Amino acid sequence: MASLFEGNASEWVGKVFTAEPYPVTSVDIAKFAISLGVRDAIHFDRAAARRLGYPDVVAPLGYYVVVRLSRPHLIDITCLARDGTSDYDMPPSRTTTRMAGETLVEFRRSITAGDRITLRQEITGVEEKQGRSGPLGVVRYEFSYLDAGEEEMIHETYSRLVR
Amino acid sequence: MTGLPDASADAPVITALQARPDPLQLFCFSAVTWNLHRIHYDLTYTQGTENLPDLVVPGPMQGAWLLQVAATAAAAWPGRVESFSYRNTRVAYVHQLLAMEGTVISSDGTHAALSLWVRLEDGTRTCEGVARLRRRTGAPAQPDVASPGVAPAGGT
């Protein structure tokens, strides 16, 4: 069976990517909340957030995805694949279908406006196996979301599927 | 315990959220998350190149909705969301009615676990996950959440 990946994909295991800090703003949080249809005042109103002990407006828990997808993928638009994605963080593949696999997120503290989050990403595994509908490539990642003091706010284990 | 249904076999389903995302909402979510995959906002590409019937609801969007369900349940307990694992099991398309639901699968007074899912009208589940909650006490368990002015995650 021909490999789904080009070259020696296992050499990608252990690669670490660290993005420039992502500045979290109240506007960004409001946009994310609106896109989900979430209306809780603590996502829009600093006073409401402060009454609950937060320093500023609070991001919905799912906001970490903004940090994961935005900063690392700020590349020239001509460098994107035809489907709009970028593959900077995975071994070159002979296939074009990409899917999200299982995600595990551990929350240490909330994200609030004013945070500057540094994303550290490590490839922890590359493997190929036989899926229900044919060969399947799996790229595994660990993400650390670090605050300005380099304390981990969120830890994420994620896999990306290639078919 | 209060605020969460008992973790018994007949525990009531938590129905906390429904959504019927339209193309505008998919575009907004894709833009703010910088998810540039065309299948979420470019119908011509989606149908013509990917041979999919319609725009696809992003997996992280469904995960974020399930997290809202978990956060709401945690706040009422009261507690916070410690972790959440999920995976997308089927494709959900634009304009489909999505019900974000869950039930308690375990609880011991300090910790609780919720099974959560996104369900289509025909019963098909498109996303499934488990959220683990920790009950909030007078003394926060984690040093970083004990800092003045910083409230625990999941308190929404």
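Just so it is clear, the structure is predicted and the values come from calculations on it, not from any experiment. Keep in mind that the numbers below use all heavy atoms, side chains included, and drop hydrogens, waters and symmetry copies.
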| message | Does the Lys NZ or Arg CZ of A/R68 fall within the cation-pi geometry relative to A/Y158 - under 6.0 Å from the ring centre and within 45° of the axis? | response |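 The answer is yes, since A/R68 meets both limits relative to A/Y158.
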| said: Please classify the contact between B/S30 and chain A as side chain, backbone, both or neither, with a heavy-atom cut-off of under 4.5 Å. | reply: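 Nothing of B/S30, per the 4.5 Å heavy-atom cut-off to chain A.
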| query | Of the backbone (N, CA, C, O) and the side chain (C-beta and beyond), which part of B/Y45 lies under 4.5 Å from a heavy atom of chain A, both, or neither? | reply |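 Side chain only.
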Say you draw a straight line from [atom1] of [X] to [atom2] of [Y]; how long is it, rounded to the nearest 0.5 Å?
X: B/R80; Y: A/F107; atom1: CZ; atom2: CZ; value: 10.0 Å
X: A/R120; Y: A/E152; atom1: CZ; atom2: CD; value: 9.5 Å
X: B/Y41; Y: B/N35; atom1: OH; atom2: CG; value: 8.0 Å
X: A/Y54; Y: A/I42; atom1: OH; atom2: CD1; value: 5.0 Å

| query | Which atoms of A/V105 come close to chain B, meaning under 4.5 Å heavy atom to heavy atom: side chain ones, backbone ones, both, or neither? | reply |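 Backbone plus side chain of A/V105, per the 4.5 Å heavy-atom cut-off to chain B.
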| Contact origin within A/Y64 toward chain B - heavy atom pairs under 4.5 Å |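 The answer is the side chain of A/Y64.
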| request: Count the heavy atoms belonging to other residues, nucleotides or ligands that lie under 6.0 Å from CZ of B/R119, then report whether that count exceeds 12. | output: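 Count over threshold, so yes.
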Going by atom types only, do [X] and [Y] share a side-chain donor-acceptor pair under 3.5 Å?
X: A/Y22; Y: A/D28; answer: yes
X: A/T18; Y: A/Q121; answer: no
X: A/T95; Y: A/S93; answer: yes

| query | Can A/D45 and A/R50 be counted as an ion pair, charged N to O under 4.0 angstrom? | reply |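 No, this pair does not count.
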| task | Please determine if B/R134 and B/E82 form a salt bridge, counting it only when a charged side-chain N lies under 4.0 Å from a carboxylate O. | result |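 Between B/E82 and B/R134 there is a salt bridge, with a charged N closer than 4.0 Å to a carboxylate O.
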| For the candidates B/W65, B/Y86, B/F27, which exhibits the highest count of non-hydrogen atom pairs separated by less than 4.5 Å from chain A? |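 If we count pairs closer than 4.5 Å to chain A, B/Y86 comes out on top.
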| If you take all heavy atoms of A/T112 and A/V24, which pair is closest and at what distance? |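 The pair with the smallest heavy-atom distance is O-CG1, 3.7 Å.
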| field | Partner residues of A/R116 under the salt bridge (charged side-chain N to carboxylate O under 4.0 Å, His left out) criterion, sequence neighbours left out | value |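 Partners of A/R116 under the salt bridge (charged side-chain N to carboxylate O under 4.0 Å, His left out) test: none.
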| task | Under 4.5 Å, heavy atom to heavy atom: which of residues 122-131 of chain B reach chain A? Give them by number, or say none. | result |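 Residues qualifying by a heavy atom under 4.5 Å from chain A are absent, so none.
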| request: Examine B/V81 and A/I111 and state if one hydrophobic cluster contains both, with Ile, Leu, Val, Met, Phe, Trp and Tyr joined whenever side-chain heavy atoms are less than 4.5 Å apart. | output: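 Linked within one cluster.
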| Same cluster or not: are A/F17 and A/V67 linked, directly or through other Ile, Leu, Val, Met, Phe, Trp or Tyr residues, by side-chain heavy atoms under 4.5 angstrom apart? |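 A/F17 clusters together with A/V67.
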| said: Shorter than 4.5 Å, heavy atoms on both sides: which option in A/V38, A/L36, A/V65 has the most such pairs with chain B? | reply: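 Going by pairs under 4.5 Å, I would pick A/L36.
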| request: Just say parallel, tilted or perpendicular for the rings of B/F29 and A/F32, cut-offs at 30° and 60°. | output: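 B/F29 and A/F32: tilted rings.
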| request: With a 4.5 Å heavy-atom cut-off (strictly below), which parts of residues 78-92 of chain A touch chain B? List them by number. | output: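 So the qualifying residues are A/L80, A/R82, A/D83, A/G84, A/T85.
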| Taking non-hydrogen atoms and a cut-off under 4.5 angstrom, which of residues 136-148 of chain A neighbour chain B? |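 Contacts with chain B: none.
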